[in-house]
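Every chain is numbered from 1, with letters handed out A, B, ... down the list of sequences. Heavy-atom basis, side chains included; hydrogens, waters and symmetry copies ignored.
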2 protein chains.
Amino acid sequence: MTDLARTPKQIGTLVQRARKQRGWNQTQLGDKAGLRQETISLIETGNPAARLETILAVLAALDLEFRIVPRSTSRAADIEAIF
Amino acid sequence: MTDLARTPKQIGTLVQRARKQRGWNQTQLGDKAGLRQETISLIETGNPAARLETILAVLAALDLEFRIVPRSTSRAADIEAIF
DNA sequence: TCATTTTATGAGAAGTGGCGAATATTTTCA
DNA sequence: TGAAAATATTCGCCACTTCTCATAAAATGA
């Protein structure tokens, strides 16, 4: 249940989880993101060659965003980094 | 000086900043990421259609990673979200 | 200023995303 | 169990990445 996103597969899993939390199906998410249901499917299954702009559109539709942080940090350490 | 990454341009700027902090040029970063100097250049200038795997390779080479978090949150709110 | 380093740009080839449209497969649930 | 809904897959098509190789433009520093 992490929000960490190091691989396309992890990103796809997080997208799927967020979508289901909102009670949306892939078609509904696609509509909001300006993408096709098939494209959402590919992303959720971990398409490694997805376009950056496509991923960003999906996150925006879910009201999510990327943060770029140091790897291998504990959550406590992140607090340090934030301030 | 934010780590927020909503657009390809923001991601490119953050990549460039992290690269320079390490004292690397684009060729050196490319070598570490298994990519060409030209590709690093495109990413840093905000290529919107870059491949997800390419961006992830660059972040890994910089020892960085994505986090997926809710949009429009204050930093204080993030602390809440972390725990 | 000038030479060196660094970054950006160019053409062509190969590979693939996302599209439209259609369909197969799987999952859900009455 | 069976029908409906949801998700995954396929084909042709165009756009565009990333690659190799080459070079132009810009930035750096003595």
Side-chain angles (χ1 to χ4, degrees), chain A residues 1-68 70-71, chain B residues 1-68 70-71:
Chain A
M1 203 60 90
T2 176
D3 53 355
L4 191 145
R6 289 187 184 178
T7 69
K9 179 67 80 181
Q10 286 177 327
I11 291 172
T13 299
L14 289 171
V15 164
Q16 185 176 66
R17 197 180 75 199
R19 173 175 63 78
K20 290 185 175 176
Q21 282 176 342
R22 289 157 180 69
W24 300 345
N25 61 31
Q26 293 180 341
T27 300
Q28 291 173 310
L29 175 55
D31 287 345
K32 296 172 194 294
L35 298 167
R36 304 177 58 250
Q37 173 264 316
E38 294 84 340
T39 301
I40 302 298
S41 174
L42 283 171
I43 288 171
E44 289 189 359
T45 53
N47 177 10
R51 295 181 188 177
L52 177 59
E53 60 185 354
T54 303
I55 300 295
L56 292 173
V58 170
L59 293 184
L62 290 165
D63 207 40
L64 297 174
E65 69 193 5
F66 277 136
R67 281 272 165 100
I68 293 179
R71 287 175 82 111
Chain B
M1 205 59 94
T2 176
D3 53 355
L4 191 145
R6 289 186 184 178
T7 68
K9 179 67 78 180
Q10 286 178 328
I11 291 173
T13 299
L14 289 171
V15 164
Q16 185 176 68
R17 196 180 74 199
R19 173 177 63 77
K20 289 184 175 177
Q21 282 177 343
R22 289 157 179 70
W24 301 344
N25 61 30
Q26 293 179 341
T27 299
Q28 291 173 309
L29 175 54
D31 287 344
K32 295 172 194 295
L35 299 167
R36 314 192 59 260
Q37 173 263 317
E38 294 85 337
T39 301
I40 303 298
S41 173
L42 282 171
I43 288 170
E44 289 189 358
T45 53
N47 179 10
R51 295 183 186 179
L52 177 59
E53 60 186 352
T54 302
I55 300 295
L56 292 173
V58 169
L59 292 184
L62 289 165
D63 207 40
L64 297 174
E65 69 193 4
F66 278 136
R67 266 273 161 113
I68 293 180
R71 287 174 81 109

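Between the side chain of B:Q16 and the backbone N or O of B:T13 there is no donor-acceptor pair closer than 3.5 Å.
In this structure the side chain of B:R19 reaches within 4.5 angstrom of the side chain of B:E44, judged on heavy atoms. Looking at B:L59 and A:I68, their side chains come closer than 4.5 Å, going by heavy atoms from C-beta outward. In this structure, B:L4 and A:R67 have side chains that are in contact, with non-hydrogen atoms separated by less than 4.5 Å.
When rounded to the nearest whole Å, the span between CD of B:E53 and P of D:dT17 equals 14 Å. The CD1-C1' distance, from B:I43 to D:dC16, rounds to 14 Å in whole Å. Here the C1' atom of nucleotide C:dT16 and the CZ atom of A:R51 are 9 Å apart, to the nearest Å. Note: CG (B:N47) to P (D:dT17) measures 5 Å, nearest angstrom. In this entry the distance linking CD of B:Q28 with C1' of C:dT5 reads 11 Å, nearest Å. In this entry the distance linking CG of B:L29 with P of C:dA8 reads 12 Å, nearest Å. Counting to the nearest Å, the P atom of C:dG18 and the CG atom of A:L52 are 11 Å from each other. Here D:dA27 presents its P atom at 13 Å from CZ of B:R19, a figure rounded to the nearest Å.
With respect to B:T39, the side-chain contact (heavy atoms from CB on, under 4.5 Å) criterion is satisfied by exactly one of B:T54, B:L29, B:V58: B:T54.
Fit an axis to the five pairs at each end of the helix from C:dT1-D:dA30 to C:dA30-D:dT1 and the two axes sit 60° apart, to the nearest 10 degrees.
Atom-to-atom distance recorded for B:E65:CD and A:T7:OG1 is 10.5 Å, nearest 0.5 angstrom. Here the CG-CD distance, from B:L42 to B:Q37, works out to 9.5 Å after rounding to the nearest 0.5 Å. Here the CG atom belonging to B:L56 is positioned 9.5 Å from the CG atom belonging to A:L52, to the nearest 0.5 angstrom.
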Quick tally for nucleotides 19-30 of chain C: nucleotides whose base has a protein heavy atom under 4.0 Å get B, sugar-phosphate-only ones S, the rest -, giving BBBB--------

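For A:T54, a side-chain nitrogen or oxygen approaches OP1 or OP2 of C:dG18 to under 4.0 Å.
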Taking it one step at a time, do A:I11 and A:F66 satisfy side-chain contact (heavy atoms from CB on, under 4.5 Å)? CA-CA 10 Å; A:I11 291 172; A:F66 277 136; 4.1 Å; yes

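For B:A49, whose side chain is taken as the heavy atoms from C-beta onward, the closest listed nucleotide among D:dC16, C:dG15, C:dT6 is D:dC16.
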